[in-house]
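Convention: sequence-line order gives letters A, B, ...; per-chain numbering from 1.
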Amino acid sequence: MLDSSETRHQAILSTIAQIPKGYVSTYGEVASLAGYPGNARLVGRILKKLPSETKIPWHRVVNASGRSSFPDGSDKQREQFQKLQEEKIVILNGRIRLSNYKQHGNEC
DNA sequence: GTAATGACCAGGC
DNA sequence: AGCCTGGCCATTA
């Protein structure tokens with residue numbers, strides 16, 4: 001099956017859209033679930049192109065370091081953090097709590 | 001056509 | 001704990 005750019009685009013968006021509320025995922029994780037392991041960059045590339053009206057919860061996607069992909073202090077980053085906090089996601093010292101739905105992760 | 005860039009990742013130091 | 005390097009791949013100049 002030939003996967004054109006649009007196909008990958010849809011696959012990635014679909015995967016991100018499936019992230020449950022209150023949970024976050026990483027670029028590599030999304031890429032893997034979308035069927036393109038190793039193509040973490042594709043996820044970032046696509047999210048960058050997304051319009052501000054997108055229904056995709058791009059704010060639930062962070063890098064593998066549990067850090068926001070945006071420059072520190074950037075409006076975009078603050079926007080993401082704010083949305084994350086709206087989802088009851090906790091941010092400590094600029095790091096996002098990786099509450100992957102794969103883990104039952106719960107330590108305090 | 002080639003070269004550089006980028007909302008990344010894993011490994012090494 | 002953090003910083004640097006190489007790799008991957010599509011888009012842009």
- Query: Out of C:dT11, C:dA10, C:dC8, which nucleotide sits closest to the side chain of A:L42?
  - Reply: C:dA10
Which pairs would a plain distance check flag for residues 46-56 of chain A, meaning a side-chain donor or acceptor within less than 3.5 Å of a matching protein atom at least two apart in sequence or in another chain?
from, atom 1, to, atom 2, distance (Å)
A:T54, OG1, A:I56, N, 3.1

- Task: Answer yes or no: is there a donor N or O on one side and an acceptor on the other, between the side chain of A:R67 and the main chain of A:V62, under 3.5 Å?
- Result: no
- May I ask you to decide if A:K76's main-chain N or O and A:Q80's side chain share a donor-acceptor pair within less than 3.5 Å? no
- Strictly below 4.0 Å, heavy-atom distances to any atom of DNA chain B: list the hits from residues 49-59 of chain A, or just say none. A:W58
- Message: Near DNA chain B, counting only heavy atoms under 4.0 Å, which residues of residues 65-88 of chain A show up?
- Response: A:S69, A:F70
- Query: Is it the case that one hydrophobic cluster holds both A:Y27 and A:F70, taking links as side-chain heavy atoms less than 4.5 Å apart, direct or via other members?
  - Reply: yes
- Identify the 5'-most and 3'-most nucleotides of DNA chain B with at least one atom closer than 4.0 Å to a non-hydrogen atom of chain A. B:dG6 to B:dA10
Which residue pairs satisfy the salt bridge (charged side-chain N to carboxylate O under 4.0 Å, His left out) criterion with at least one member in [range], sequence neighbours excluded?
{"range": "residues 31-41 of chain A", "answer": "none"}
{"range": "residues 8-21 of chain A", "answer": "A:D3-A:R8"}
{"range": "residues 84-95 of chain A", "answer": "A:R60-A:E87"}

For the residue pair [X] and [Y], establish whether any side-chain heavy-atom pair is separated by less than 4.5 Å.
{"X": "A:I19", "Y": "A:V24", "value": "no"}
{"X": "A:V61", "Y": "A:I16", "value": "yes"}
{"X": "A:I96", "Y": "A:I89", "value": "yes"}

- Base, sugar-phosphate, or nothing for A:G28, non-hydrogen atoms under 4.0 angstrom? sugar-phosphate
Between N or O atoms, less than 3.5 Å apart, protein on one side and nucleotides 1-6 of chain C on the other: list the pairs.
from, atom 1, to, atom 2, distance (Å)
C:dG2, OP1, A:R95, NH2, 3.3

- Message: Which is more 5' along DNA chain C, the nucleotide nearest A:R45 or the one nearest A:R41? Just name the residue.
- Response: A:R41
- Item | Set of residues satisfying side chain to side chain donor-acceptor pair (under 3.5 Å) with respect to A:S65, sequence neighbours excluded | none
- Item | Which residues share a side chain to side chain donor-acceptor pair (under 3.5 Å) with A:S32, sequence neighbours left out | none
- Can you list the residues that meet the salt bridge (charged side-chain N to carboxylate O under 4.0 Å, His left out) rule with A:D75, with sequence neighbours excluded? A:R78
